[in-house]
Amino acid sequence: MTEHSTAFPDIAMIGFGEAAHAIAGSWHHRGWSALRTYDRGLENPETRHLIHVRCEEAGVEPNDHPKSALAGAGLVISLVTADEALAAAIACAPHLGPGSLWLDGNSCAPETKVKAASLIEAAGAYYVDMAVMAPVYPRRHEVPLLLAGKMAEPARNLLLELGMRPEIVGTRVGDASTIKMLRSVMIKGLEALTGECLLAARRAGVEDAVLASLKASDPGIDWSARASYNLERMLVHGERRAAEMEEVCKTLTSLGLPDWMSRSTIEWQRKLADLELEAGVNSLTVRADRILECL
């Protein structure tokens, strides 16, 4: 895809989990002749059916191999887990068309994205660092995006045609991902602190007093609702969040700073994910009690 192209390119999505499904299923533009995906889960009998259902809902053609998914695609969006981002670039690079745009929307450290960019660009395609800056639900394709790289502008133009909300933040690969990583120190860290604080408070029988004290300090926050939401995030998405926080730690250490808080955040995120509990009703006490029964 060059800056002077006028026809909307065919699209391939690498990874078709929650984020890709939410975005592709609500795109405004329908001018492409092909919208395909490749997801490693298609190779697994346990996950294959779920991915096929998602693809049918979103009008996306599933493919068992990256070569068939990428054939003729001018716009490629990678939305896998953080720990699979580089592997996705390695698997797909040999099958990319010359001049195609690879938008790496994975939550990775800048150094990981630089490595991926070298692979994509060596294959004759263009790499764009993309960061997804909020949960995909309920905004779906309108979730805020940050873009960085030499081809961020043509990427932005295509995403705008899809009804999306991209913002260019730099010309270097890593500019967008750095913002994402450092934001996650706070967002995912607050989730972990919620677990450590309020699970302990519930077990000690003092959660009402702790919540009242928090509200007195920060009255603008509904601490009970926020805590319930944070626990839900870790129960449902803790595995993916833990992988992202591994990349956050890489970012911090590359800046010459300790990663003490973020390293502990990984432990809490992974611990709650490993419980394999459904989020259940939206109630702090109910969620806390179910978690405490398993810890």
Side-chain angles (χ1 to χ4, degrees), residues 14-15 19 77-90 93 102-122 125-135 143-153 155-156 166-197 217-218 221 226 230 233-234 237-274:
I14 307 304
I77 301 176
S78 177
L79 291 170
V80 297
T81 56
D83 55 339
E84 291 289 332
L86 189 57
I90 292 170
W102 174 279
L103 275 59
D104 191 338
N106 302 301
S107 299
C108 298
E111 63 186 79
T112 303
K113 292 209 168 182
V114 168
K115 291 177 183 177
S118 66
L119 294 166
I120 299 302
E121 291 174 356
Y126 296 112
Y127 183 97
V128 178
D129 175 14
M130 183 173 81
V132 181
M133 298 303 292
V143 64
L145 303 172
L146 302 183
L147 303 178
K150 295 179 180 178
M151 294 295 284
E153 183 65 30
R156 173 182 175 273
E167 176 188 352
I168 297 175
V169 294
T171 58
R172 300 175 302 173
V173 169
D175 285 344
S177 58
T178 298
I179 296 170
K180 169 71 172 181
M181 292 292 96
L182 299 183
R183 176 185 183 273
S184 291
V185 173
M186 185 65 68
I187 299 301
K188 276 68 174 184
L190 283 174
E191 293 171 355
L193 285 171
T194 295
E196 189 159 308
C197 172
S217 298
D218 290 285
I221 300 174
R226 182 68 187 186
N230 285 350
R233 295 283 89 187
M234 290 195 287
H237 303 291
E239 183 177 359
R240 176 173 58 81
R241 280 162 142 68
E244 178 180 330
M245 292 307 294
E246 294 280 5
E247 296 292 309
V248 168
C249 290
K250 291 180 185 178
T251 305
L252 292 169
T253 55
S254 72
L255 293 170
L257 294 170
D259 61 356
W260 304 322
M261 296 292 289
S262 294
R263 185 60 56 186
S264 296
T265 297
I266 294 171
E267 299 304 316
W268 269 111
Q269 294 281 354
R270 189 163 285 143
K271 182 66 175 180
L272 264 64
D274 287 347

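Treat the numbers as computed from the prediction; the structure is a model and nothing was measured.
To the nearest 0.5 Å, atom CD1 of residue I266 and atom CG of residue D259 are 7.5 Å apart. Taking CD from E239 and NE2 from H237, the interatomic distance works out to 12.0 Å, rounded to the nearest 0.5 Å. In this structure, CD in E247 is found 10.0 Å from OG1 in T81, a value given to the nearest 0.5 Å. The CD1 atom of I187 sits 9.0 Å away from atom CE of M133, with the distance rounded to the nearest 0.5 Å. Considering CG of L145 and CG of L103, their distance stands at 8.5 Å, rounded to 0.5 Å. Taking OG1 from T171 and CE from M151, the interatomic distance works out to 13.5 Å, rounded to the nearest 0.5 Å.
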Task: Verdict with supporting geometry, C249 and S262, side-chain contact (heavy atoms from CB on, under 4.5 Å) - done: CA-CA 6 Å; C249 290; S262 294; 3.8 Å; yes
TODO: Begin from the C-alpha positions of M130 and L147 and carry the test side-chain contact (heavy atoms from CB on, under 4.5 Å) through to its verdict.
DONE: CA-CA 5 Å; M130 183 173 81; L147 303 178; 3.5 Å; yes
Task: Residue pair M181, C108: steps toward the side-chain contact (heavy atoms from CB on, under 4.5 Å) verdict - done: CA-CA 7 Å; M181 292 292 96; C108 298; 5.7 Å; no
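A donor-acceptor pair under 3.5 Å is formed between the side chain of S118 and the backbone N or O of K115. A donor-acceptor pair under 3.5 Å is formed between the side chain of D129 and the backbone N or O of S177. A donor-acceptor pair under 3.5 Å links the side-chain atoms of K180 to the main chain of V132, judged by distance alone.
In this structure, V248 and S184 approach most closely via the heavy-atom pair CG2-CB, 3.9 Å. Annotation for V80 and N106: closest pair N-OD1, 2.6 Å, computed over non-hydrogen atoms. When all heavy atoms are compared, the tightest approach of A88 to I14 is CB-CG2, 4.1 Å. Smallest separation of non-hydrogen atoms from V128 and A155: CG2-CB, 4.0 Å. The minimum heavy-atom distance linking D104 with A116 is given by the pair OD2-CB, 4.0 Å. Contact between A148 and V169 at its shortest, heavy atoms only, is CB-CG2, 4.4 Å.
R156 has a carboxylate O that lies under 4.0 Å from a charged side-chain N of E153, or vice versa, which qualifies the two as a salt bridge. In this structure, E246 pairs ionically with R270, as a charged nitrogen and a carboxylate oxygen lie closer than 4.0 Å. A salt bridge does not link E111 to K250: none of the charged nitrogens lies less than 4.0 Å from a carboxylate oxygen.
With contacts defined as side-chain heavy-atom distances shorter than 4.5 Å, the pair L119/L86 qualifies. Within the 4.5 Å cutoff, the side chain of L193 has no heavy atoms near those of the T265 side chain.
Counted within 6.0 Å of CE on M261, heavy atoms from surrounding residues, nucleotides or ligands total 12 or fewer; the atom is thus considered open. Under a cut-off of 6.0 angstrom, the local environment of CZ in R263 is crowded, with over 12 non-hydrogen atoms contributed by other residues, nucleotides or ligands.
Screening R233, R226, R241 for a salt bridge (charged side-chain N to carboxylate O under 4.0 Å, His left out) involving E191 leaves a single residue, R241.
W268 and E196 form a side-chain donor-acceptor contact under 3.5 Å, judged by distance and modelled atom types alone.
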